[in-house]
Number of protein chains: 2
Amino acid sequence: MGRWPGGTQERLQEAAIELFTERGYERTTVAEIATRAGLTERTFYNHFADKREVLFPGQDSFIAKVREAVGAAPAEQSPLDAVNAAFIAGSDWFDQRREAAQRRRHILDAHTDLREREWAKLAALGEAITAALRTRGIPDPAATLTAAVSVTAYQLAAARWLADPQYGTLGHHLHTSFEDLHRTARSW
Amino acid sequence: MGRWPGGTQERLQEAAIELFTERGYERTTVAEIATRAGLTERTFYNHFADKREVLFPGQDSFIAKVREAVGAAPAEQSPLDAVNAAFIAGSDWFDQRREAAQRRRHILDAHTDLREREWAKLAALGEAITAALRTRGIPDPAATLTAAVSVTAYQLAAARWLADPQYGTLGHHLHTSFEDLHRTARSW
């Protein structure tokens with residue numbers, strides 16, 4: 001088993017996070033990332049449209065998984081609980097990469113253009129969840145509102161997960177954040 | 001009374017929307033926007049950091065107003081209703097500019113970089129509302145969750161307002177969207 005069991009995209013992301021942390025995001029080139037990963041610049045561009053995208057690998061497959069899980073959730077599950085269960089089902093992948101996720105978070109927080117790209121990705125996640133909820137028969141605007149608030153609860157859970165000195169799993173923090181959301185909604 | 005009672009920023013925005021609609025966002029320069037508004041390029045840059053920012057004038061003062069109104073809302077008002085009332089209080093300004101807002105929306109929707117900037121502005125609005133709710137004694141995470149869902153309901157209201165063939169006011173659509181949100185939250 002190699003050093004990067006996650007495949008080429010993950011290998012490029014690990015190299016990028018290393019270099020961004022060592023010498024800064026601006027001062028790192030795509031060619032340097034490819035070299036560090038033992039790959040060519042051409043391979044980089046086969047997988048990512050630009051330098052920013054390397055920090056968002058697997059987002060499309062995560063979105064596809066969440067969408068599928070929401071669509072397949074038991075009919076008796078409430079819309080919000082169905083989305084939470086879908087997030088939890090996909091959370092193991094992140095738990096195995098917590099340290100890289102922390103370094104990635106620091107890089108994103110320091111760069112406006114990266115945060116803008118992140119918001120675009122979160123918007124895409126929200127749209128995928130909206131579509132999945134519609135296939136469960138949830139009409140608009142309930143589907144849109146539920147999807148958006150789910151993404152917010154997800155962000156809250158991710159922030160707590162990264163900051164947790166006790167190393168609670170992302171699944172644990174998702175559970176807590178969605179409980180907080182249920183409680184908060186009763187105060188509205 | 002002049003053609004642009006809203007001041008220099010608004011004058012530049014109107015000129016920009018005209019030019020972006022006529023010849024496209026990419027093909028319009030800052031110099032051309034300034035000329036169309038009867039101003040200099042230097043004046044443009046005194047008001048906006050770049051070409052994208054001209055589509056987001058008055059956002060800072062809108063954010064400041066919403067923040068102030070949330071902080072000053074009656075204590076017996078629920079957090080969500082306080083935010084909605086703050087949005088409604090600031091909605092007249094938009095009703096007077098509906099047609100420009102529609103053209104602006106078309107331009108934003110067609111350009112990823114503009115949508116990314118918009119998400120950044122909405123995130124800033126959410127952060128300002130979070131801070132205002134905290135001053136009302138709403139703890140976290142309730143403040144963060146309530147602020148984020150308010151921004152979503154606001155976006156829904158704005159989309160409905162722009163698409164409404166009956167020309168309902170933004171205030172009317174805010175009222176409806178927040179009612180939808182209350183109803184949706186009961187299904188969670």
Side-chain angles (χ1 to χ4, degrees), chain A residues 49-50 52 77-84 109 111-127 129-130 133 136-157 159-160 173 176-188, chain B residues 49-50 52 77-84 109 111-127 129-130 133 136-157 159-160 173 176-188:
Chain A
D50 58 35
R52 291 203 284 179
Q77 216 164 26
S78 85
L80 198 64
D81 292 341
V83 178
N84 189 19
D109 285 343
H111 295 90
T112 305
D113 64 329
L114 292 173
R115 296 201 67 196
E116 291 188 349
R117 182 63 59 94
E118 184 181 28
W119 286 314
K121 298 288 181 185
L122 292 169
L125 176 61
E127 280 162 26
I129 295 169
T130 301
L133 289 172
R136 286 176 66 84
I138 314 289
D140 270 319
T144 306
L145 291 167
T146 303
V149 79
S150 301
V151 173
T152 302
Y154 176 82
Q155 287 178 271
L156 177 64
R160 286 167 161 181
H173 287 291
T176 308
S177 291
F178 276 76
E179 273 191 349
D180 286 334
L181 177 55
H182 277 295
R183 193 177 307 113
T184 299
R186 288 196 288 274
S187 77
W188 288 343
Chain B
D50 58 34
R52 291 202 284 180
Q77 217 163 25
S78 84
L80 197 65
D81 292 340
V83 178
N84 189 20
D109 285 343
H111 295 89
T112 305
D113 64 328
L114 292 173
R115 296 201 69 194
E116 291 189 349
R117 182 64 57 94
E118 184 181 27
W119 287 314
K121 298 290 181 185
L122 291 169
L125 176 61
E127 281 163 25
I129 295 169
T130 302
L133 289 172
R136 285 176 66 85
I138 314 290
D140 269 317
T144 306
L145 291 167
T146 302
V149 80
S150 301
V151 172
T152 301
Y154 176 81
Q155 286 177 271
L156 177 64
R160 287 167 160 181
H173 287 290
T176 307
S177 291
F178 277 75
E179 272 190 349
D180 287 333
L181 177 56
H182 277 295
R183 193 177 307 113
T184 300
R186 288 195 289 272
S187 78
W188 289 343

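In the text below, chain A, chain B and the rest are named by the order of the sequence lines, each starting its count at 1. Just so it is clear, the values below take in all heavy atoms, side chains as well, and ignore hydrogens, waters and symmetry mates.
- Per-residue counts of heavy-atom pairs under 4.5 Å with chain A were compared for Val83(B), Asp113(B), Thr146(B); the largest is that of Thr146(B).
- Using a 4.5 Å cut-off between heavy atoms, Leu145(A) touches chain B through backbone and side chain atoms alike.
- The candidate with the highest count of non-hydrogen atom pairs below 4.5 Å against chain A, out of Ala120(B), Ser177(B), Ser187(B), Ala148(B), is Ala120(B).
- Each of Thr152(A), Leu156(A), Val149(A) was compared with Leu181(A) under the side chain to side chain contact (heavy atoms under 4.5 Å, CB included) criterion, and only Val149(A) meets it.
- Note: Thr176(B) OG1 to Asp180(B) CG = 7.0 Å, rounded to the nearest 0.5 Å.
- Between Leu133(A) and Ala143(A), the shortest heavy-atom contact is CD1-O, 3.6 Å.
- With a threshold of 4.5 angstrom between heavy atoms, Arg160(B) approaches chain A through side-chain atoms but not through N, CA, C or O.
- Test Lys121(B), Arg52(B), Arg115(B) against Glu116(A) for salt bridge (charged side-chain N to carboxylate O under 4.0 Å, His left out) and you get one pass: Arg52(B).
- The distance from atom OG1 of Thr144(B) to atom CD1 of Ile138(B), rounded to the nearest 0.5 Å, is 11.5 Å.
- Chosen from Pro141(A), Ser78(A), Ala153(A), the residue pairing most often with chain B at heavy-atom distances under 4.5 Å is Pro141(A).
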